[in-house]
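These notes concern the structure reproduced below.
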Amino acid sequence: MSLIKVMIVDDSAVVRQVVKQTLETDPSIKVLGAASDPLFAMEHMKREWPDVIVLDIEMPRMDGLTFLKKIMAERPTPVVICSSLAEKGAEASMNALAAGAVGIITKPKMGLKQFLEDASSDLLGAVKAASRANVRKIITSTASGTSSHAERIANVAKGLNIAPKLSADAVISAGGLGSGASMVKTTDKIIAIGTSTGGTQALEAVLTKLPAVCPGIVIVQHMPEKFTAMFAERLNGLCQIEVREAKHGDRVIPGRALIAPGGKHMMLTRSGAQYTVEVVDGPLVNRHRPSVDVLFRSCAKFAGRNALGIIMTGMGDDGARGLKEMVDAGADTVAEDESTCVVFGMPKEAIKLGAARTVLPLNRIPEVIVAAGRG
């Protein structure tokens with residue numbers, strides 16, 4: 001297996017040192033260099049081009065966003081943003097993600113060295129996810145107008161090295177799935193969507209094509225805290241439907257899409273004919289919070305054949321087992337085709353499990369959602 005070659009660009013000597021040391025603990029990664037600003041990085045990259053760039057936003061001489069745009073215009077390369085959690089940093093990072101970055105790692109202003117050491121597996125996972133991303137596919141779709149405001153986030157949940165990989169059992173029991181299959185079919189459909197790496201681009205492409213009247217939608221997109229609200233707000237301005245970050249107790253109604261908050265699990269529940277969401281704390285599931293498996297299991301349990309489950313681009317296998325539970329409960333299910341995925345990980349695992357009744361390219365998914373609303 002060839003090594004993943006990485007260039008680090010950050011004006012903080014501490015960040016450069018810790019990121020370099022962290023990445024070098026993985027034998028599949030080779031750090032080509034660590035530069036204090038983009039101009040120094042470009043000189044190094046002329047000699048050997050990296051597979052992935054870990055990039056800060058605020059730097060002297062040339063800021064990270066300008067550098068990112070230059071890279072994407074001249075030689076598209078997967079970029080992971082290393083950004084502050086502060087509001088200003090979050091806004092700048094969203095602009096970088098819209099410009100073509102595929103990943104983001106958040107860092108605090110205080111205790112930086114300890115934080116980076118604690119989140120070492122997060123960093124390693126994000127770099128590996130980025131190395132597998134089809135950046136040219138992202139750039140092509142952006143240029144064609146498919147996703148002019150697309151955010152690319154390849155967030156890998158915290159704690160890979162401190163906790164076992166838990167299933168949805170850690171948050172919601174599998175009991176009662178049979179009732180989902182036998183549940184009386186209604187005219188109200190619930191659309192459940194799960195996605196990760198490259199998913200914000202895919203979500204924008206799907207949601208902006210939906211009419212104002214369509215089934216209620218619940219979404220898990222792997223994304224850090226503080227970013228989901230901003231992402232939902234941006235989509236809300238682009239879509240005919242209402243898009244917002246979910247709050248505990250929100251109703252799932254036609255014409256509304258609820259996005260699970262970063263750092264929280266979201267589950268569908270039902271009282272009579274009324275669907276709402278529960279937003280809860282809990283352990284990482286498949287090393288993610290929110291987890292697609294948790295959402296999909298709740299849909300199998302409380303919506304059954306009244307649901308449509310859709311799994312789109314993303315690295316890993318979160319959502320595959322949950323989608324299988326949905327199909328076993330009588331739901332219709334769709335997996336995104338490899339031809340349009342930025343990373344064909346999550347859909348591939350779902351297809352292998354027999355969880356996808358249908359496999360479709362991204363541009364066909366909106367029509368399936370509209371058709372579900374028509375019954």
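Throughout, numbering of the chain's residues begins at 1 and tracks the sequence.
Between Phe67 and Ile53, the closest heavy-atom pair is CE2-CG2, 4.4 Å. Glu336 approaches Thr313 most closely through the heavy-atom pair OE1-N, 3.0 Å. Of all heavy-atom pairs between Lys324 and Ala355, the closest is N-CB, 3.4 Å. Among all heavy-atom pairs drawn from Pro215 and Lys189, the shortest one is CB-O, 3.5 Å. Taking all atoms of both residues into account, the shortest heavy-atom contact from Ala329 to Ala300 is CB-O, 3.6 Å. Contact record, Leu268 with Phe302: O-CD1, 3.2 Å, taken as the closest heavy-atom pair.
Under the 3.5 Å distance criterion, the side-chain polar atoms of Gln221 are matched with a main-chain donor or acceptor of Ser196. Between the side chain of Asp10 and the main chain of Ser12, a donor-acceptor pair closer than 3.5 Å is present. Looking at Asp293, its side chain does come within 3.5 Å of a backbone N or O of Gly322 through a donor-acceptor pair. At distances below 3.5 Å, at least one donor-acceptor pair connects side-chain atoms of Arg270 with backbone N or O atoms of Gly272. Thr340 places a side-chain N or O within donor-acceptor distance of the main-chain N or O of Leu362, the cut-off being under 3.5 Å. Looking only at distances, no side-chain donor or acceptor of Asp317 sits under 3.5 Å from a matching main-chain atom of Ala320. Without hydrogens or angle criteria, Thr276 side chain to Gly249 main chain gives no donor-acceptor distance under 3.5 Å.
In this structure, Glu48 places its CD atom where more than 12 heavy-atom neighbours from other residues, nucleotides or ligands lie under 6.0 Å away. Within 6.0 Å of the NZ atom in Lys30, the count of heavy atoms belonging to other residues, nucleotides or ligands does not exceed 12.
You'll find the side chain of Pro50 stays beyond 4.5 Å of the side chain of Val52, heavy atoms only. Two residues are said to be in side-chain contact when any heavy atoms from C-beta on lie closer than 4.5 Å; Thr77 and Met72 fail this criterion. Looking at heavy atoms from C-beta onward, Val280 lies in side-chain contact with Met267 at the 4.5 angstrom threshold. With a 4.5 Å cut-off on side-chain heavy atoms, Leu238 and Glu204 count as touching. Residues Ile241 and Arg256 fail the side-chain proximity criterion, which asks for heavy atoms closer than 4.5 Å. Pro261 is not listed as a side-chain neighbour of Lys247, based on a closest heavy-atom distance of 4.5 Å or more. Residues Leu32 and Ile8 have side chains not in contact (no heavy-atom distance under 4.5 Å, counting atoms from C-beta outward). In this structure, His265 and Ser291 have side chains that are in contact, with non-hydrogen atoms separated by less than 4.5 Å.
For the side chain to side chain donor-acceptor pair (under 3.5 Å) test, residues two or more places apart in sequence or in another chain that qualify with Lys70 are Glu74. Looking at residues two or more places apart in sequence or on another chain, you find a side chain to side chain contact (heavy atoms under 4.5 Å, CB included) between Glu367 and Arg364. Applying the salt bridge (charged side-chain N to carboxylate O under 4.0 Å, His left out) test to Asp169 and every residue at least two apart in sequence or in another chain returns Arg297. Partners of Pro283 under the side chain to side chain contact (heavy atoms under 4.5 Å, CB included) rule, at least two apart in sequence or in another chain, are Leu166, Ala170, Val171. Under the side chain to side chain contact (heavy atoms under 4.5 Å, CB included) criterion, Asp26 pairs with Ser28, Ile29, Leu124, Lys128, sequence neighbours left out. Not counting sequence neighbours, the partners of Val370 by the side chain to side chain contact (heavy atoms under 4.5 Å, CB included) test are Leu210, Pro211, Arg374. The salt bridge (charged side-chain N to carboxylate O under 4.0 Å, His left out) check on Asp250 picks up Arg244, with sequence neighbours excluded. Taking the salt bridge (charged side-chain N to carboxylate O under 4.0 Å, His left out) definition, one finds that Lys20 meets it with Glu24, sequence neighbours left out. For Asp318, the salt bridge (charged side-chain N to carboxylate O under 4.0 Å, His left out) criterion is met by no residue, not counting sequence neighbours.
Val14 and Phe40 are assigned to two separate hydrophobic clusters, defined by single-linkage of ILVMFWY side chains at heavy-atom distances under 4.5 Å. Val327 and Val334 are members of different hydrophobic clusters when ILVMFWY side chains are connected at heavy-atom separations under 4.5 Å. Under the 4.5 Å side-chain heavy-atom criterion for ILVMFWY residues, no single connected hydrophobic cluster contains both Ile253 and Ile217. Hydrophobic clustering (ILVMFWY, side-chain heavy atoms < 4.5 Å, transitive): Leu207 and Val213 are in distinct clusters. Hydrophobic clustering of Ile, Leu, Val, Met, Phe, Trp and Tyr side chains at less than 4.5 Å, counting indirect connections, unites Leu55 with Trp49.
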Let me see the working for His222 and Val292 under side chain to side chain contact (heavy atoms under 4.5 Å, CB included), right down to the final yes or no.
CA-CA 8 Å; His222 296 153; Val292 182; 4.0 Å; yes

Run the numbers on Asp332 and Arg305 for salt bridge (Lys or Arg N to Asp or Glu O under 4.0 Å), then give the verdict.
CA-CA 7 Å; Asp332 293 323; Arg305 65 180 66 185; over 6 Å; no

Derivation and outcome, side chain to side chain contact (heavy atoms under 4.5 Å, CB included), residues Thr269 and Val277
CA-CA 6 Å; Thr269 189; Val277 294; over 6 Å; no

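Here the straight-line distance linking atom CZ of Phe296 with atom CD1 of Ile311 works out to 5.5 Å at 0.5 Å rounding. With values rounded to the nearest 0.5 angstrom, Thr197 atom OG1 is found 7.0 Å from Met315 atom CE. With rounding to the nearest 0.5 Å, the separation of CD1 in Ile71 from CE in Met7 is 10.0 Å. Atom CG of Asp11 is separated from atom CE of Met59 by 7.0 Å, given to the nearest 0.5 angstrom. Note that the SG atom of Cys82 and the CG atom of Asp56 stand 6.5 Å from one another [nearest 0.5 Å]. In this structure, CD1 in Ile191 is found 8.0 Å from SG in Cys214, a value given to the nearest 0.5 Å.
Side-chain contact, Thr25 with Gln21: no donor N or O sits under 3.5 Å from an acceptor N or O. There is a side-chain donor-acceptor pair under 3.5 Å between Ser173 and Lys301. Glu245 and Thr228 share a donor-acceptor pair across their side chains, judged by distance under 3.5 Å alone. Of the N and O atoms on the side chains of Asp337 and Ser339, at least one donor lies less than 3.5 Å from an acceptor on the other residue.
A salt bridge (Lys or Arg N to Asp or Glu O under 4.0 Å) check over residues 32-45, counting only residues at least two apart or in different chains, returns the pairs Asp37-Arg61, Glu43-Lys46.
Clustering of Ile, Leu, Val, Met, Phe, Trp and Tyr side chains at separations under 4.5 Å places Val359 together with Phe344, Ile351. With side-chain heavy atoms closer than 4.5 Å counting as contact, directly or through intermediates, Leu353 stands alone and belongs to no larger hydrophobic cluster.
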